[in-house]
2 protein chains.
Amino acid sequence: MATIGDVAREAGVSRSTVSAVLNGRKLVLPETRGRVEAAIAKLSFSVNAGARALATARTMTLGVVVRFHEAEFSPALATYLVALSDAARESGYSVMLLTEADGEAAVRSAIAGRRVDGLVLLNVVEDDPRMEPIAASGFPAVLIGMPQDTRGIDAVDLDFAAGARLLVDHLAEVGHRRATFVRWPDDLYAAGSTYAIRFAAAAREQASGRGMTLEEVPCAVGPEQVRSALGEELLRREAPGALLVHNDAAVAMLPFALHDVGLRVPADRSVVSLHSAELARLYALPFTSVESEPEAVVHTAVELLVRRIDAPDEVPVARLVAPHLERRDSVAPPA
Amino acid sequence: MATIGDVAREAGVSRSTVSAVLNGRKLVLPETRGRVEAAIAKLSFSVNAGARALATARTMTLGVVVRFHEAEFSPALATYLVALSDAARESGYSVMLLTEADGEAAVRSAIAGRRVDGLVLLNVVEDDPRMEPIAASGFPAVLIGMPQDTRGIDAVDLDFAAGARLLVDHLAEVGHRRATFVRWPDDLYAAGSTYAIRFAAAAREQASGRGMTLEEVPCAVGPEQVRSALGEELLRREAPGALLVHNDAAVAMLPFALHDVGLRVPADRSVVSLHSAELARLYALPFTSVESEPEAVVHTAVELLVRRIDAPDEVPVARLVAPHLERRDSVAPPA
DNA sequence: GCACGTCAGCGTACCGGTTCGCCACGCGGG
DNA sequence: CCCGCGTGGCGAACCGGTACGCTGACGTGC
């Protein structure tokens, strides 16, 4: 592999001139530049990323710290990783995967080894231990997820509250006064899952502001439990004509549950939901919904992180990504 | 951040001695080693990966080239990525994500920038263009997937043929003489998807060797088409008492299709399938099956790649990972 | 005609490690 | 007593880039 010295010799200039051409800094006579470029092409030279990193103290690499225990529903993970890598590339960065079971250790060693210029923490939860070494060292990082206390670290997440309001409004606007709120099981809220809490709180508030009644049905995960719980609710006398769903497992099974009991959407029931786009695709969900916006979230995250790398001392930022309603004709006025 | 020079000064030795301690090469007096280690701890020094890479011409990083293709089942992708990163770490390597839409370009620039010591190509298809620059340059790489012509590149994949034989045998052993082979649509085979072809060929051969009849039902993807196609087949008069499935979309919908028409497993139908473990988990599939073995495949891939990095000139290797049968009581003797 | 400013390009130090030849020291043997 | 050898550690070169100060040539203004 050719080095910058080989190029310099070939072009009859010094290494620093080649470097100047490479980086576009300083003025180089067009003719000289031409010779250098020809030499580069001839030797098919390309800069050694490691050497450049050493000289500039910039690796142009971001680390993404994947939380290990994915007991939860994780089809979205790949989407986030790929989107992250794409967004990073747009800014000239590569992405390194950090998957140690002990996320905190992963963060520590990434910082210590100076392999990366910044870190993206995926799927951040309340009091996430991965934040500790970052907060302590001030290393550039961005959280995806929005804990109460971001400990001075930049953070991005979907605006779940706005999503809840969009969905409630959508039901209210066609005249629904009552809805079943199929939500996560209680322990998830108790565990401090902030997106769940934010969604539920906003849904309740918006509903009451709209004069709407929400009848809450917590729904455990597990296909069979979900299906029977849903079946029961759907068959209940006086059940509302609309369903507001924030529970991936439940919404995935909902088409089948509806089919089981012979109810049609939107004729018999209106349905709106917030879930990941990936889920919608996998299960071909036919519901009007607010979908997570992995590309937008990740794009914002990279933007913040790159800015933070360049300006480590600016005040931390928390950013919510505006959700939008994906209409799929699953809502009709109540009977 | 402390450098090796800081450590040397603190310990009162030269930089090369610190390096010797770090790498365990050469003999260092226990007492000297102790002083160095104390200095390292005191300054909380850790080696700068980039500098070491420059000096050793080894980045200790593997690149994973993700094919951009959307249509496939992405939950499995995350599993592979995480498993890959874990396996790499075991061998002291990190993993860099390469997701350019143009996989060939991604490979070229990875090789040119010398950011990685080797490449893993995920999800390789017949005549995959990503192979070209690798074959041309001899850069260390391993394919996950098994094209007919590996072009001298190491390759690993699940042994789909063996998987097919396991499933056919399992049905034959309890006495089934006929089975419906729910398979992928014809165009997938035509497109040269080698795992599909290998499975189908082995299934047919093993069945005929066992004196079993396979009645083939190609099944398009898309939940609704699948469901109706399956329903039709299940209700068909004289339909076999067993289903052999190699089609992710179909097997995911199969529980519902069976439920629709009121058939029970294994009382009314025996079912065996080959699909990804991730699919089984997400859809809680209750079928005896051969599951893809992402950990084993990826582990083998890393093993081969690391060996290839150390010994670039050995003969290329193709390795098939033995599948195993995951019994879930979905098979009973025919009525 | 001279001082000065600009511009293109050069030389060199430096980033933080590794590697390897060399040296000094202590010891044993002839 | 001297030589040779093994051992522990040192110093310098090197990996492949970047950054910055300097120089020489040329153009301009007075």
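In what follows, chains carry the letters A, B, and so on, assigned in the order in which the sequence lines appear, proteins first and then strands, with residues in each chain numbered from 1.
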* **Contact pattern, 5' to 3', of nucleotides 10-18 of chain D - B, S or - by protein heavy atom under 4.0 Å** => BB-B-BBBB
* How would you list all residue pairs meeting side-chain hydrogen bond (donor to acceptor under 3.5 Å, both in side chains) that involve residues 31-41 of chain B, not counting sequence neighbours? -> Glu31(B)-Arg35(B)
* Interatomic distance, Leu43(B) CG vs dG17(C) C1' [rounded to whole Å] -> 16 Å
* Enumerate the residue pairs fulfilling side-chain hydrogen bond (donor to acceptor under 3.5 Å, both in side chains) with a member in residues 137-151 of chain A, sequence neighbours excluded, ordered by first and then second residue. => Glu132(A)-Arg151(A)
* Structure fact -> Contacts of Ala39(A) meeting side chain to side chain contact (heavy atoms under 4.5 Å, CB included) (sequence neighbours excluded), chain-then-number -> Val7(A), Glu10(A), Ala11(A)
* Asked: With sequence neighbours left out, what residues match Ser292(A) under side chain to side chain donor-acceptor pair (under 3.5 Å)?
  -> none
* To do: Kindly write out the residues that satisfy side chain to side chain donor-acceptor pair (under 3.5 Å) with Arg130(A), not counting sequence neighbours, or none if the list is empty.
  => Asp128(A)
* To do: Take atom CG of Leu29(B) and atom C1' of dC25(C), then tell me their distance rounded to the nearest Å.
  => 12 Å
* What's the CZ-P distance between Arg115(A) and dG17(C), to the nearest Å? -> 13 Å
